[in-house]
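Worth saying up front: this structure is predicted, and the values here are computed from it rather than measured. Side chains are part of it too, since the values below use all heavy atoms of this structure and drop only hydrogens, waters and symmetry mates.
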Amino acid sequence: MGDQLAKSGTGHAPSEYAYPLERRLGGRAAKQLDQQLGIRTVGQLLDYFPRTYIKRGELTPIANVPRDEDVTLVARVNSNTIRSMNSRKGKITEITITDGSGRLGVMHIAFFNGYKANKELVVGRQAMFSGKVTSYRGRLTLNNPVYMLLDEDDGTDSETLAARPVPVYPATAKMTSWAIGTAVGMVLDAVNFEELPDPLPYNFVRREGLLPLRTAYEQIHRPATMDEVEPAERRIKFQEAMVLQTALAKRRAEIIRQEATARPPKSDGLLERFDSQLPFTLTNGQQQIGQDLSAELAQDHPMNRLLQGEVGSGKTIVALRAMLQVIDAGGQAALLAPTEVLAAQHYYSITAALGSLAEGGMLGGDAEGTQIRLLTGSRSTAERKKAMLDAADGTAGIVIGTHALLSENVSFYDLGLIVVDEQHRFGVEQRDVLRTKAHKPPHLLVMTATPIPRTVAMTVFGDLETSSLTELPAGRAPIQTHVVPLSEKPAWKDRIWARAREEIDAGRQVYVVCPKIGDDEAEDDDLLGAGSGNGQEGDADEGNASSQGNAPKPLASVTQLARYTAEEPSLQDVRIGTLHGRLDPEEKASTMAAFHDGRLDMLISTTVIEVGVDVPNATLMIILDADRFGISQLHQLRGRVGRGGYAGTCLLVSNLEAGHPSRSRLDAAASTTDGFELARMDLQLRREGDVLGASQSGGRSTLKKLRVVHADDQQIIEKSRTEAQSIVEADPDLYQHPALARAIEYHLRPEEEAFLERG
């Protein structure tokens with residue numbers, strides 16, 4: 001990464017931002033920063049900001065320090081003794097440190113032959129310690145820590161020293177926070193800020209009252225008081241927001257400049273005839289968004305729109321109506337789905353909705369109709385060949401598929417519209433591959449069932465116009481969600497399966513979702529035991545369900561649960577199927593079809609059923625180890641029930657104790673069915689990098705300080721978006737803003753821009 005930065009630009013000497021660290025710090029220090037943190041340039045180190053600040057004299061509450069993790073804390077030395085070791089030669093220095101709160105605020109440290117520690121860590125001395133916290137013989141222990149004295153006499157008067165905060169950087173076991181701080185200080189002293197041009201326009205900086213760039217870096221890394229931190233962070237946030245919003249504004253402008261084939265509506269065409277046979281009335285939202293899409297499809301530059309909506313809000317019908325308008329205008333539509341299960345679901349549901357209109361030119365079909373083809377990896381060779389031929393010669397108006405659509409062997413007669421379902425499963429690369437299959441830039445409709453708060457949409461999908469479906473179609477029954485806390489109510493375990501049997505006896509069907517597929521590892525008989533394990537499919541949140549106290553039990557798995565339910569007395573004679581990502585594609589399709597058709601009563605699955613699966617007769621969803629999933633994912637999963645007019649119920653089963661942080665997610669999911677509110681809560685609980693999809697693209701988040709879900713930062717995003725739009729309208733290629741253009745190049749290189757395309 002650093003090499004690419006150093007070589008970027010015009011080929012002349014690298015800019016100060018891209019200057020190699022070894023020329024500022026020396027080879028040894030630069031190598032350690034590279035190996036431990038992946039930091040290779042001056043700019044990367046300047047943008048490695050403290051995660052918090054410690055006030056001298058303010059001790060870290062030891063009771064709140066996480067166990068089995070590398071931590072940095074400030075404490076006061078409570079005792080210091082040195083003694084000979086019993087089993088070998090040498091001495092051991094034993095230290096206790098305290099936060100002053102009493103018995104629970106004490107931690108023990110042992111230094112082997114720690115003569116320096118014995119001399120320096122005198123009782124009453126305050127220091128910053130860094131190491132891994134464990135428990136040994138019932139005592140909190142800091143293993144082999146390194147430390148830095150905080151009250152050393154460095155020539156600074158005591159009053160000034162007491163006011164100066166200590167920055168704490170994200171560190172590793174081999175790279176302490178203060179070592180990072182030392183390197184940052186050396187760079188701040190050596191960097192030529194005259195060669196580090198400000199990416200923000202001068203008038204914008206002055207209008208918003210922002211600090212100069214040099215001052216911001218000084219105050220965020222070496223604040224004299226805590227009062228200096230906030231204006232420095234505000235300046236950095238504006239810079240991050242402006243870089244992102246300008247990149248997005250440039251993309252929007254480039255799209256508008258492209259020439260597309262207009263696809264205007266046609267009287268008495270497929271769309272009108274489809275509307276006339278609909279057995280229900282479109283919601284007001286569906287009608288309004290349909291009109292917006294229709295108008296944009298009729299323009300001669302590409303539509304580029306995000307359609308988001310609640311689970312079951314009817315996005316597919318809106319997309320289908322847009323596809324029919326394109327077909328009426330002589331074009332074709334491609335629908336890209338992330339899984340074969342979802343692609344097949346779309347194929348069957350769209351085919352059924354169109355009826356004879358999907359059998360154009362076929363016996364018994366509508367003479368003016370079209371045809372639909374499904375293209376996935378599991379289709380037979382003959383079926384794939386037929387689908388590709390019909391796409392190439394225009395016979396198929398709609399082609400639905402997975403990544404198989406992206407194959408170089410797939411071509412279209414006249415691709416006019418791309419519909420991408422569940423956009424967060426795809427990157428910019430897949431979208432661009434599909435675009436190349438059109439003669440002119442095609443129109444684009446991106447769909448997501450994960451509601452996105454406004455400022456998140458502005459940041460993550462800022463190159464797309466956004467439409468939101470908020471009302472549910474008539475006939476959608478409400479879903480009741482209940483937390484099943486087995487740690488407090490162990491007897492409820494049997495009631496879960498009795499409740500499932502009641503639903504099945506009433507003629508309904510049941511989903512059971514597990515976070516694991518199952519493997520050869522030994523699995524506990526108590527499949528409802530919570531604890532750590534290796535989630536293998538979906539987005540189960542591994543990090544938030546750490547066990548407290550007893551040894552953790554394995555997570556519930558599909559294979560284990562299938563064996564268990566076969567022996568469960570209350571489920572005798574129940575027809576049970578299993579579904580997960582390791583199954584053969586044909587087996588997955590047949591299992592899903594059997595459940596859809598009512599030939600299975602219960603489906604035990606991983607999160608492959610999370611999106612798009614539509615079984616109207618399913619009314620109960622049981623999610624085991626529900627604490628392993630995020631709020632939005634739980635909302636997605638429960639949206640699979642209550643789709644056929646019958647009331648839906650979702651049981652969130654957990655073995656975590658009340659008060660555990662991960663239990664709060666379950667309580668939140670049970671408290672409301674407002675997807676936008678749940679999405680806001682979910683994003684606040686997750687790392688910002690995950691919010692922006694940076695983890696999916698394989699890199700660290702570009703946003704270090706800006707928090708798109710924080711109310712205080714929303715105004716920064718909106719102001720930056722407005723300014724970026726004005727800049728790009730007046731200067732589309734940023735010729736008058738070279739520093740901003742370079743910042744976009746440095747921070748959003750092509751191989752990392754994909755995170756902007758993911759939600």
Side-chain angles (χ1 to χ4, degrees), residues 265-266 268-287 289-291 293-294 297 307 309-329 331-337 340-362 364-376 387 390 395-401 416-422 445 447 449 469 471-476 589 592-593 595-598 611-618 639-640 642-645:
K266 174 184 175 184
D268 196 30
L270 276 174
L271 177 55
E272 283 193 4
R273 291 157 72 191
F274 172 71
D275 285 346
S276 68
Q277 70 181 34
L278 276 176
F280 53 83
T281 302
L282 296 173
T283 66
N284 292 333
Q286 287 173 320
Q287 293 181 39
I289 293 173
Q291 293 170 11
L293 299 184
S294 179
L297 290 170
L307 174 59
E310 283 285 11
V311 175
S313 58
K315 297 180 296 298
T316 304
I317 287 293
V318 173
L320 176 56
R321 295 182 71 250
M323 289 189 268
L324 293 177
Q325 177 171 324
V326 169
I327 295 170
D328 280 339
Q332 296 168 283
L335 196 164
L336 180 62
E340 294 201 353
V341 169
L342 184 52
Q345 184 79 38
H346 277 312
Y347 173 75
Y348 293 120
S349 63
I350 289 175
T351 300
L354 288 175
S356 62
L357 295 177
E359 299 171 349
M362 301 167 65
D366 191 303
E368 301 299 321
T370 188
Q371 293 187 27
I372 306 174
R373 292 290 177 266
L374 176 63
L375 184 58
T376 64
D390 289 346
T395 300
I398 299 174
V399 182
I400 300 169
L417 172 65
I418 297 170
V419 179
V420 181
D421 197 13
E422 291 308 316
L445 178 63
M447 299 195 298
L469 284 170
E471 58 185 316
L472 297 181
R476 280 303 303 262
M592 198 63 235
F595 190 62
H596 183 273
D597 296 342
V611 292
V613 175
D614 188 7
V615 180
N617 194 46
R640 299 308 105 207
R643 303 175 73 89

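Proximity of Thr370 to Leu270: side-chain heavy atoms (C-beta onward) are separated by under 4.5 Å at one or more points. The shortest distance between side-chain heavy atoms of Val420 and Leu445 does not fall below 4.5 Å. With contacts defined as side-chain heavy-atom distances shorter than 4.5 Å, the pair His346/Thr316 qualifies. Looking only at side-chain heavy atoms (C-beta outward), Ile418 and Leu335 stay at 4.5 Å or farther from each other.
A salt bridge links Arg321 with Asp275: the closest approach of a Lys/Arg side-chain nitrogen to an acidic carboxylate oxygen falls below 4.0 angstrom.
Of all non-hydrogen atoms in Leu297 and Ala322, the two that sit nearest each other are CD1-O, 3.7 Å. Taking both residues in full, the closest heavy atoms of Arg273 and Ser276 are given as O-OG, 2.7 Å, listed atom of the first, atom of the second, then distance.
Taking CG of Leu374 as the reference point, atom OG1 of Thr351 lies at 8.5 Å (rounded to 0.5 Å). If you take CG on Asp597 and CG on Asn617, they are separated by 11.5 Å, rounding to the nearest 0.5 Å. The structure places CD of Gln332 at 10.5 Å from CD1 of Ile398, a figure rounded to the nearest 0.5 Å. To the nearest 0.5 Å, the span separating CG on Leu271 from CG on Leu324 amounts to 6.0 Å. Between atom CG of residue Asp328 and atom CE of residue Met323 there is a gap of 13.0 Å, rounded to the nearest 0.5 Å. Atom NZ of Lys315 sits about 7.0 Å away from atom CG of Leu307, to the nearest 0.5 Å.
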Run the side-chain contact (heavy atoms from CB on, under 4.5 Å) check on Ile372 and Leu354 step by step: do they pass?
-> CA-CA 10 Å; Ile372 306 174; Leu354 288 175; 3.5 Å; yes

Leu469 and Val318: side-chain contact (heavy atoms from CB on, under 4.5 Å), yes or no, with the steps?
-> CA-CA 10 Å; Leu469 284 170; Val318 173; 4.1 Å; yes

Working for side-chain contact (heavy atoms from CB on, under 4.5 Å), residues Phe274 and Ile317 = CA-CA 11 Å; Phe274 172 71; Ile317 287 293; 4.2 Å; yes

Mind running side-chain contact (heavy atoms from CB on, under 4.5 Å) on Leu342 and Tyr347 for me, showing each step along the way?
-> CA-CA 9 Å; Leu342 184 52; Tyr347 173 75; over 6 Å; no

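Counting only distance, with no hydrogens or angles, the side chain of Gln287 and the backbone of Leu282 share a donor-acceptor pair below 3.5 Å. Judged purely by atom type and a 3.5 angstrom limit, Gln286 uses its side chain to pair as donor or acceptor with the backbone of Thr283. A donor-acceptor pair under 3.5 Å is absent between the side-chain atoms of Glu340 and the main chain of Gly401, judged by distance alone. In this structure, the side chain of Glu368 does not engage the main chain of Gly269 through any donor-acceptor pair within 3.5 Å.
Looking at Ser294 and Gln325, their side chains do bring a donor and an acceptor atom within 3.5 Å of each other.
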